[in-house]
Amino acid sequence: MASYLQIADDEKGHELDLFCVPRHYENDLDKVIIPHGLIMDRTERLARDIIRDMGGHHIVALCVLKGGYKFFADLLDYIKALNQNSDKSVPLTVDFIRVKSYCNDKSTNNVKVIGGDELSSLSGKVSLVTHDIVETGRTMQTLLSLLSECNPKMVKVVSLLVKRTPRSSGYRPDYIGFEVPDAFLVGYALDYNEYFRDLSHICILNDQAKEKYKV
């Protein structure tokens, strides 16, 4: 079972004025729940675990856009640093796919995968799927089903966040950064209708902001 850092349901978080938060978001957030520095430290450890387990393979790192792009970039930077400074190194190539399953703050049952017609290049290869957050798990299960049709040699999934929710299908990734409460989180490229991707920390969105940025 994957190890992870658990953020408890009763976690009080941190006051916004203790951190650098863009002024245009100050009234939209309740708390900072995962500071940027903690994200980076946990990501560095995930990179080490991936190198340990997958070293010796040529890995195709597949970024799930849009929310995963920041985690993907930082994770690959740490893997690159390990490649340069350790005895075991991993050849890496990258690819991108876009998955959309949200309308406002609700996950829909309609999972749209954009770019899946180009995944045939993964045939016979080892793939590391990099995702921002697993909630119900249905999005990732849909994507993994699509990937299996391409006959890859091996597929591993790393997700920065996994949400504790009664709506979960029970799916768990191979690598997990943090297990988080059932709250709507934004920041570090996680968005609400495309807002908050430019926020460095992971924060809890307040109800007023959900109405303010609703489409």
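Below, all heavy atoms of this structure are taken into account, side chains as well, without hydrogens, waters or symmetry copies.
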Close side-chain approach of [X] and [Y], heavy atoms under 4.5 Å:
| X | Y | value |
| --- | --- | --- |
| Ile97 | Leu119 | yes |
| Leu199 | Pro22 | yes |
| Asp95 | Ser121 | yes |
| Leu75 | Ile50 | yes |
| Leu185 | Val180 | yes |
| Leu5 | Leu38 | yes |
| Leu62 | Leu128 | no |

Between [X] and [Y] (side chain of the first, backbone of the second, donor and acceptor by atom type, cut-off under 3.5 Å), is there such a pair?
| X | Y | value |
| --- | --- | --- |
| Arg42 | Gly177 | yes |
| Gln6 | Ala8 | no |
| Arg172 | Gly137 | no |
| Asp191 | Arg197 | no |

task = Determine, stepwise, if the pair Leu76 / Val94 fulfils side-chain contact (heavy atoms from CB on, under 4.5 Å).
result = CA-CA 9 Å; Leu76 262 59; Val94 302; 3.4 Å; yes
Between [X] and [Y], what is the shortest heavy-atom contact and its length?
| X | Y | result |
| --- | --- | --- |
| Ser168 | Tyr171 | OG-N, 4.4 Å |
| Pro166 | Asp182 | CD-OD2, 3.8 Å |
| Arg164 | Asp9 | NH2-OD1, 2.7 Å |
| His131 | Phe71 | O-CD2, 3.5 Å |

How long is the straight-line distance from [atom2] of [Y] back to [atom1] of [X], given to the nearest 0.5 Å?
| X | Y | atom1 | atom2 | value |
| --- | --- | --- | --- | --- |
| Ile133 | Phe178 | CD1 | CZ | 12.0 Å |
| Glu11 | Ile34 | CD | CD1 | 9.0 Å |
| Met54 | Ile79 | CE | CD1 | 8.5 Å |
| Leu92 | Asn83 | CG | CG | 6.0 Å |
| Asp207 | Lys212 | CG | NZ | 14.0 Å |
| Leu82 | Ile51 | CG | CD1 | 5.5 Å |

Take a 6.0 Å sphere around [atom1] of [X] and say whether it holds more than 12 heavy atoms from other residues, nucleotides or ligands.
| X | atom1 | value |
| --- | --- | --- |
| Tyr78 | OH | yes |
| Asn27 | CG | no |
| Arg52 | CZ | yes |

query = Between Asp132 and Lys70, is there a salt bridge with N-O shorter than 4.0 Å?
reply =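 Result for this pair is no, no salt bridge flagged.
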inquiry  = Does this structure show an ion pair linking Glu179 with Lys163, if we count only N-O contacts that are shorter than 4.0 Å?
reply    =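 Answer for the salt bridge query: no.
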ask   = Under the side-chain contact (heavy atoms from CB on, under 4.5 Å) criterion, do Leu205 and Asp30 qualify, and how do the steps go?
value = CA-CA 6 Å; Leu205 190 69; Asp30 278 341; over 6 Å; no
Show me the donor-acceptor pairs within less than 3.5 Å that the side chains of residues 144-162 make with the rest of the protein, sequence neighbours left out.
unit_1, atom_1, unit_2, atom_2, d
Ser148, OG, Ser145, O, 2.7
Ser159, OG, Leu161, O, 2.7

With no hydrogens and no angle check, just 3.5 Å: does a side-chain donor-acceptor pair link [X] and [Y]?
| X | Y | result |
| --- | --- | --- |
| Tyr213 | Asp28 | yes |
| Asp74 | Tyr188 | yes |
| Gln141 | Ser169 | yes |

key: Worked verdict on Leu16 versus Val32 for side-chain contact (heavy atoms from CB on, under 4.5 Å)   = CA-CA 6 Å; Leu16 299 177; Val32 173; 3.8 Å; yes
query = Between Arg45 and Asp41, does a salt bridge (charged side-chain N to carboxylate O under 4.0 Å, His left out) hold up when you go through it step by step?
reply = CA-CA 7 Å; Arg45 179 53 197 251; Asp41 282 357; over 6 Å; no
ask   = So which pairs with a foot in residues 13-35 pass ring pair (Phe, Tyr, Trp, His ring centres under 6.0 Å), sequence neighbours left out?
value =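 For residues 13-35, and leaving out neighbouring residues, the ring pair (Phe, Tyr, Trp, His ring centres under 6.0 Å) pairs sorted by first residue read His14-Phe19, Phe19-His201, Tyr25-Phe196.
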message = Could you go through Val99 and Leu65, starting from their C-alpha distance and side-chain angles, then the distance that decides it, and tell me whether this counts as side-chain contact (heavy atoms from CB on, under 4.5 Å)?
response = CA-CA 6 Å; Val99 175; Leu65 298 171; over 6 Å; no
task = Please assess Phe96 against Tyr69 for the test ring-ring contact (aromatic ring centres under 6.0 Å, His included), listing each intermediate value before the final yes or no.
result = CA-CA 9 Å; Phe96 301 88; Tyr69 81 85; 9.9 Å; no
